[in-house]
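A note on names: the letters A, B, ... follow the listed sequences, proteins ahead of strands, and every chain is numbered from 1. All values reported here derive from a predicted model rather than from experimental measurement.
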Amino acid sequence: MLEKTYSPRTVEDKIYAFWEQETLFAPEVNANASEQFSIVIPPPNVTGTLHMGHALDNTLQDILIRWHRMLGHETLWMPGTDHAGIATQNVVERNLREKGVTKFDLGREKFLEVVWEWANARKTDIVNQFKRLGISPDWNRQRFTLDDGLSRAVREAFVRLYDKGLIYRGTYIVNWCPRCTSAISDIETEYSEEDSFLWEISYPLKDAPGALVVATTRPETMFGDVAVAVNPNDSRYKNLIGKTLILPLANVEIPIIADDYVDAEFGTGAVKITPAHDPNDFEMALRHNLEAEWVIDTKGNMETVSRVPESLHGLDRFEARKQTEALLEQHGFLVKKEPHSHNVGHCQRCGTSIEPLLSKQWFVRCKPLAEKCIQSHDQGELKFIPERWTKIYLDWMHNIRDWCISRQLWWGHQIPAWYCDDCSEITVAVETPTQCHKCKSSKLTQETDVLDTWFSSGLWPFSTMGWPDTSAPDFQKFYPTSVLVTGFDIIFFWVARMVMDGLELTDKSPFHTVYIHGLIRDEKGQKMSKSKGNTIDPVEIIDSYGCDAMRFSLTRLVTYGGQDIKLSKDSFEQGKLFANKLWNASRFVLMNLEGVDNQPIDESALSNMDRWILASLKHYTHQANTALSEFRFGELADDLYEFIWNLFCDWYVEYAKKQLRDETTKANTQRVLLYVLDQTLRLMHPIMPHITEEIWQMLPHRTGKSLMISAYPTLTAYDPEKNRPVHESILTVINVIRAIRNVRQASGVPHPHPTPVILEVTDPDEMAALEANQDVIHHFVKLESLTLTEALTEKPANSAADVVGSCRVVVSLAGAIDVDAEVSRQKKKLETLQKEYDQLAGRLNNPSFVERAPAAVVEKDRARLDELKQQMTTIEDQLAQFVR
RNA sequence: GGGCAGUUGGCGCAGUUGGUAGCGCACCACAUUGACAUUGUGGGGGUCACAGGUUCAAAUCCUGUACUGCCCACCA
């Protein structure tokens, strides 16, 4: 017997432990299936904590996984975690700093030990948090981007790409984070508009009086200037091109050059060129053969070089900016300073202003990889849902730039490249080489940089499956994966890279479908973040509402268009209510199943209501499978909610109470109840796994040890027309019951007050339906008498009425009626009908409509018009009664 | 500067082949000891942002406008 209320906490823990113990998450539960289904989890950062985005993303994946598992497919959900290079190293460094220790105090080896220890602990935490979501990946296959197998895959991938010329080392401007003291990639740089100033500085001419005034947003970089550029067509400066300027405060000579890049309209039309600290200036310097001069170091401080005034040596770049301004002013070089807002890049991880810095880094040559991606898409090998993300993805591919993959960190995959101490040639190899491939020297030093964390993520779909061993069983069986489920925020970071790597290294797109869902936001539509304090902790929600309640609530909010989801804690209330409803309906069924036999349902002895609920079950089974196969999660949840609450509970269970009291119908009703409940639990299981399993375990005559590996209801063929008659006849009955309730309530009939009811029905089908189901009407509305007639000869006095379909529902009220209320109610109804009638009649009077519209539509309108006319007449009759 | 979304009852949202606007919450009234008050029953509430256009017919297609949000872009 089920407890009176569902207590998620105890049930969830118990059920999850049971699944794990029985190893039901492993694909082997469906070994030898003809079909495979696989998903790789987007690996959470080991440093991270579970947030609502994870809850959503993983719930959706789990729904798909559980569905396919129940369909009998050999189903693999590959779980794991990401080492999250910068993010992790930052946190550990911060922890050390609190103890007054730096990573340099420890040294690389010792520091890595500390990080490993910490990461391992956090990994356990995050995995345990994920388990609270009730998800069913095969934890025994769990991988980590830095484990041995994956590290080997990373080295292998690096070497292969290097050998193909797709990885190279070179000196270019990169986005440098002075706080992380590392390069980061373009997409790790986030731009935001900042209010600042535009300074105009006067650079004196060397051999002539006068000066050239340049405009800059970064005066402190002026010491790194190697030229000033003007537009070749700028008449103001034409005669200055080729002349020499004296760089103020630094006393070095720099040339005036001409370059088309310079916009004569902007600022003063003269641009200072600082190749070491500006990407555009770097490009220009290349064109003009100018050497770069570094003036800001890797920590964002001013270099100690002769070009930089001594008073600025070692100063932070922002402090240096102020001092530079002061110096310029003091020496009369500052012409102007006016407010100016511009885009400034920030480090995605720590928010520090990016310093563009010229440095030697490793890059992936992306163009050839991107071309394969575009081609692969054009051949229909990759599909995005919703489709609009395809364009974003392709646009990015078309405009791709090379990817800086080296990071000046310690935590990560150390780049498998060795420099020869003798000939400085680079040797790249999977296994640590013993000698230089060129001069055979054994004096080799490995590159100290590590790889961008996303480099290993890009290999995830196949590195987790055993690649580079392409004969590995998982790789053979489950690669390429079936679908990737993730948010749009990592399309470039992750999805694109996986496709690039997959196509290049395995010749296959790592998945054929990418399902992109919206992002979770707070109730005001703002992004959830710890700093804003608007986060909702899934574990907290699970504790107070239950895991299944949370899963259901989230699923119901997912739309096909992938809208962002606004969440407040109240959003989870409906899931909790629904879990309660499901629990209690099941409780009722189980309470009434005593003595239920194991016989099949006796089709010949079914009541109309029985047939109706079974037909409805079929319909919703069809709906559920369709929704699942099309990634319509919200509809899936909505439909099942509707079936369980509005059909099964509201109508069938209520009706079953009567059937169970009757010994002649009891046994068969029990069978129907058991069957429908069993099927419903199966349908619901992917969304609400624990509660359904818990209930299912108590079903009599069940076979199999767990619901999660039982068959998902499917239909080989579904013909809605076949079930139409029973649907329509019960719908008529339901509508009449509602009308009776409505009339009685609106007329103020005291509640348990049986009244005589007359149903005047003109449509023969409706009449038949009502005649056949009088018992149903009696059960739901408790009437003194029920009279069915084709035409009412004598209108009862003191009665109220309503019209539904072709049926006039007349309720005799024997004094209970409030005549005024009834009259105004009827008048109002008449008004609405009249409005619809006029509209419809107008349309039917339009010859164009009758000619052009499909016959079926015209037919339908005509029928409706007739119905309306009849209903209006009926109400008019009724009103006349009161007027008399 | 380009691009993409959104604008539907008080709130949050559905509405894919154009054919009488739906759901949850909230609201109002009534009911209630036997699956469930985490309930039941009934009800009120929307000219689908705005302006044009296509069509017999537009929330749904086209054009434009406004507002909101997001992404991308090297203008000092």
Side-chain angles (χ1 to χ4, degrees), chain A residues 2 4-6 173 187 191 198-199 214-218 221 229 261-263 265-274 278-283 340 342-343 356 386 388-389 391-392 395-396 399 488-489 491-492 518-519 521 523 525-527 549 553 556-557 559-568 570-571 573-574 576-592 630 632 634-635 638 641-642 646 649-650 653-654 657 738 741-746 748-752 780-781 836 839-840 843-844 846-854 856-858 860-861 864:
Chain A
L2 266 54
K4 186 161 179 179
T5 52
Y6 172 60
I173 287 273
I187 55 176
Y191 288 88
L198 190 63
W199 285 267
V214 302
T216 179
T217 53
R218 301 198 55 198
T221 63
Y261 167 78
V262 180
D263 177 0
E265 304 295 316
F266 188 87
T268 61
V271 188
K272 57 194 269 314
I273 303 303
T274 323
D278 184 284
N280 297 309
D281 293 4
F282 173 69
E283 292 294 326
H340 178 71
H342 64 146
N343 254 346
R388 69 188 142 96
W389 296 111
K391 194 172 173 290
I392 311 256
D395 281 354
W396 191 72
N399 298 309
F488 58 78
D489 51 335
I491 289 181
F492 303 146
L519 263 34
R521 302 182 178 276
E523 62 262 70
Q526 295 194 311
K527 215 168 171 175
S553 304
R556 206 176 188 198
L557 291 170
T559 65
Y560 186 65
Q563 281 304 300
D564 287 352
I565 296 169
K566 287 189 208 168
L567 268 190
S568 69
D570 296 340
S571 315
E573 196 64 37
Q574 64 168 304
K576 191 176 157 189
L577 298 182
F578 182 56
N580 175 260
K581 192 72 181 177
L582 179 61
W583 182 261
N584 277 295
S586 305
R587 186 162 166 263
F588 170 81
V589 173
L590 287 170
M591 276 165 46
N592 287 284
E630 294 174 358
R632 298 170 183 277
E635 285 174 35
D638 260 348
Y641 177 96
E642 183 177 74
N646 303 125
C649 292
D650 289 353
V653 166
E654 281 309 315
K657 287 175 182 171
R738 289 213 161 118
R741 283 170 172 167
N742 178 3
V743 172
R744 295 212 301 195
Q745 208 161 308
V749 178
H751 180 62
F780 280 98
V781 281
E836 195 188 334
Q839 195 188 338
L840 215 52
R843 197 195 311 181
L844 283 163
N846 181 349
S848 307
F849 170 70
V850 181
E851 269 168 46
R852 314 281 284 271
V857 174
V858 179
K860 215 174 121 197
D861 277 3
R864 177 70 185 148

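We find that CZ of A:R852 is positioned 8 Å from P of B:U55, with the value rounded to whole Å. In this entry the distance linking CG of A:N280 with P of B:A76 reads 9 Å, nearest Å. For A:R744 and B:C30, the CZ to P distance is 17 Å, given to the nearest whole Å. In this entry the distance linking CZ of A:F266 with P of B:C75 reads 10 Å, nearest Å. Atom CG in A:L519 sits about 11 Å away from atom P in B:C70, given to the nearest Å. Atom CG in A:N742 sits roughly 17 Å away from atom P in B:A31 (whole-Å rounding). Atom CG in A:D263 sits about 15 Å away from atom P in B:G1, given to the nearest Å.
In terms of position on RNA chain B, the residue among A:V857 and A:D395 whose nearest nucleotide sits closer to the 5' end is A:D395.
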With side-chain contact (heavy atoms from CB on, under 4.5 Å) as the criterion, how do A:R741 and A:F780 come out once you've worked through the C-alpha distance, each side chain's angles and the decisive distance to 0.1 Å? CA-CA 9 Å; A:R741 283 170 172 167; A:F780 280 98; 3.7 Å; yes
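Closest approach to the A:L577 side chain among B:G40, B:U38, B:A35 is made by B:U38 (side chain taken as heavy atoms from C-beta onward). Ranking B:A35, B:C56, B:C4 by closeness to the A:F588 side chain, first place goes to B:A35. Closest to the side chain of A:N580, from the set B:A35, B:C56, B:U38, is B:U38. Of the candidates B:A76, B:C72, B:G40, B:A76 carries the atom nearest the A:A215 side chain, counting heavy atoms from C-beta on. Across B:C56, B:G3, B:A76, the shortest atom-to-atom separation from the side chain of A:A853 is found for B:C56. Considering only side-chain atoms of A:Q745, the nucleotide from B:G19, B:A29, B:A35 that sits closest is B:A29.
Here the straight-line distance linking atom OG1 of A:T221 with atom CD1 of A:I273 works out to 10.5 Å at 0.5 Å rounding.
Between A:I173 and A:D281 there is no side-chain heavy-atom pair separated by less than 4.5 Å.
Spacing of C1' atoms, B:G44 relative to B:C30, comes out at 15 Å, to the nearest Å. B:G46 and B:G12 have their C1' atoms separated by 15 Å, given to the nearest Å. If you take atom C1' in B:U60 and the same atom in B:G3, they sit 24 Å apart, rounded to whole Å. Straight-line distance between the C1' atoms of B:C4 and B:C74: roughly 23 Å, to the nearest whole Å. Across B:C70 and B:A76, the matching C1' atoms stand 28 Å from one another, rounded to whole Å. Only the C1' atoms considered, B:C48 is 15 Å distant from B:U20, to the nearest whole Å. Annotation: B:G43 and B:A49 have their C1' atoms spaced 29 Å apart (nearest Å). Going from the C1' atom of B:A21 to that of B:U47 covers 12 Å, rounded to whole Å.
As judged by a 4.0 angstrom heavy-atom cut-off over every strand, A:K657 is placed among the base-contacting residues. When heavy atoms are screened at a 4.0 angstrom cut-off, A:R864 is found touching base atoms of the nucleic acid. Contacts of A:T5 with the nucleic acid, taken as non-hydrogen atoms under 4.0 Å apart, include base atoms. Contact annotation for A:P854: base contact, defined as any heavy-atom pair under 4.0 Å involving a base atom. Nucleic acid contact class of A:Y261 (heavy atoms, under 4.0 Å, all strands): base. Base engagement by A:E654 is indicated by at least one non-hydrogen atom pair under 4.0 Å involving a base atom. Across all strands shown, A:V850 has no heavy atoms under 4.0 Å from either base or sugar-phosphate atoms. A:N846 comes within contact range of the sugar-phosphate backbone alone, with a heavy-atom separation under 4.0 Å but no base atom that close.
Residues A:H340 and A:L198 come closest through the heavy atom pair CB-N, 3.6 Å. The two residues A:P386 and A:G561 come nearest to each other via the heavy atoms CG-O, 3.4 Å.
Side-chain contact check for A:Y6 and A:N580: no donor-acceptor pair (N or O, by modelled atom type) lies under 3.5 Å. Side-chain atoms of A:T274 and A:K272 form a donor-acceptor pair, as typed in the model, at a separation below 3.5 Å.
Listed by first residue number, the stems of RNA chain B with at least three Watson-Crick or G-U pairs below 3.5 Å are B:1-7 with B:66-72, B:10-13 with B:22-25, B:27-31 with B:39-43, B:49-53 with B:61-65.
Under a 3.5 Å cut-off, the side chain of A:S553 and the backbone N or O of A:A549 do form a donor-acceptor pair.
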Look for any protein N or O under 3.5 Å of an N or O in nucleotides 9-15 of chain B and output each such pair with its distance, or none.
unit_1	atom_1	unit_2	atom_2	d
B:C13	OP2	A:K566	NZ	3.3
B:A14	OP1	A:T559	OG1	3.4

